[in-house]
Amino acid sequence: MRRFLSLPNVILLSLALGVIFGWIAGSAKLLESGILLELLKLGGDLFKSLIFMVIVPLVFVSLICGMMSIGDLRKLGRVAGRTLVLYLITAALACIVAILLVNAVKPGRAIPKETRDRIAKEHEAKQKEIVGKIKTTEHTPWTFVRGIVPNNVFSVLASNSQMLPVIFFALLFGLCAAMIEAKRREHLSYTFESLSLVMVRMIQVVMFTAPVGVFCLIAVATASIGITIVKAMALYCLVVVLGLLIQFFVVYGGVIRLFTRLRFVDFIRACRPALVTAFSTSSSAASLPVNMECVNKRLNVSTSVTSFVLPIGTTVNMDGTAIMQTVATVFIAQLYAIDLTVMQQIGVILTAMLAAVGTAPVPAAGIAMLVIILEPLGIPLTGIALIWAVDRPLDMMRTVVNVVGDGVAAVAVATMEGEDVKYLPVDTEEDRSSNG
Ligand code: ASP
């Protein structure tokens, strides 16, 4: 019984209860306004804020620790190289599978014109807001590259959505710190390791609030998804989900089999708390601390690999997002009867890979980045509003894939580095504390 009531299980239970409650309350129109809705939103927002406040310091401190603990610059280069190659290969596979699926199923052709017009009209206001917001910022590959180097590190540290410049600064800092005189380096390294421990401890404390936070987030999301729209876009969702499933079981299962001695089910078992967090918060960033703990403690991956591979992956490795962006682009083109040539579809794959790297690890960021892919192809941006309606559940699922992809890379890189990666059926700190 005590084991059953471990924190990950309680979080799962509150996830299921949240869905049931949200569905009943949504059908009874109890969550359209009023105190109940406000309370649920407050619970969800507070939980997300508690996690988000730790993210930037955690990424910053972990990356520096990771670089300093690897120490030897040659090993650092090797770990970085392997990590990036793995991220690149899995992202390319994700986009290729997605483009094949969407061309085979052709979900965009299945929706009659009247339905399309009705949905677009229902979401006109939202559509104006999205398109307006996106259009005010110029998105080109050049602005993307320029944005990687911060001109003021404190301003990017103050924002949760600009992770690439934070990573850039932390990597440079870690690299230069590894070059200073040994005695000072040891002091610095000790300080950063202590800071990192404090961050991990903070996350463990925050995770005690997860059952309530997850319940609130899921209940509101379930109640707000309109059933008619979900039905109309079912085929599009089906293709995205199919792509995510293939990525999850075939690509990731394959990488685990090829590169490690782990069983895939043990990998999943070990990462379960991170997956539940990803599903309920729709944010890879929010799942990072839990993911780090799972990979480090339950899969026996060294702290140096964990704190290097995972924070970078959270920001640049988003295979689930790339799948959604690829399917969505071709789907919207099909809706508007735009035939994309093979070359254009290859272009879609390449830009989706880039857009996924530039997507912030927060909810709904992936759909906003679609503009980078749609605009050069002349596909109407209003199409974004159509898929926005059904994006929330897809966001939850693709975030799970994004998070799993990072864990897969971490265990693969650790095995290549000669580490004894194995499933340790030990409880994390949270489990132990919740078991008393
Ligand atoms: N929510 C996703 C994540 O945090 C990003 C996206 O919107 O695709 O991983």
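Both counts, for ligands and for their atoms, begin at 1 and track the order of listing. Owing to the predicted nature of the structure, the values given are computational and were not obtained by experimental measurement.
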| message | Please classify the Arg398 to ligand 1 contact at 4.0 Å (heavy-atom distances, strictly less than): side chain, backbone, both or neither. | response | side chain
| Would you find a donor on one side and an acceptor on the other, under 3.5 Å apart, between the side chain of Asn296 and the backbone of Val301? | yes
| query | What protein heavy atom sits nearest atom 9 (O) of ligand 1, and how far off is it? | reply | Ser284 OG, 2.4 Å
| message | Give the atom numbers and elements of ligand 1 that come within less than 4.0 Å of a heavy atom of Ser283. | response | 4 (O)
| message | Atom CG of residue position Asn152 - does it have more than 12 heavy atoms of other residues, nucleotides or ligands inside 6.0 Å? | response | yes
Using residues 165-175 as the side-chain source, report each donor-acceptor pair under 3.5 Å to any protein atom, sequence neighbours left out, with the distance given to one decimal.
none

| request: Give a yes or no on whether the backbone of Pro363 and the side-chain of Ser282 come within a donor-acceptor separation of less than 3.5 Å. | output: no
| field | side-chain hydrogen bond (donor to acceptor under 3.5 Å, both in side chains) partners for Asp45, two or more places apart | value | none
| message | Tell me whether Ala365 has any N or O atom under 3.5 angstrom from an N or O of ligand 1. | response | yes
| request: Give yes or no for whether the N/O distance cutoff of 3.5 Å, strictly under, is met between Ala285 and ligand 1. | output: no
| field | Main-chain N/O of Ser302 paired with Glu419 side-chain donor or acceptor, under 3.5 Å | value | yes
| request: List the closest protein heavy-atom neighbour of atom 7 (O) of ligand 1: residue, atom name, distance to the nearest 0.1 Å. | output: Gly366 N, 2.7 Å
| Which of the atoms in ligand 1, numbered in the order shown and given with their element, are less than 4.0 Å from a heavy-atom of Pro361? | 4 (O)
| query | Can you list the atoms of ligand 1 that are under 4.0 Å from a heavy atom of Thr321? | reply | 5 (C), 6 (C), 8 (O)
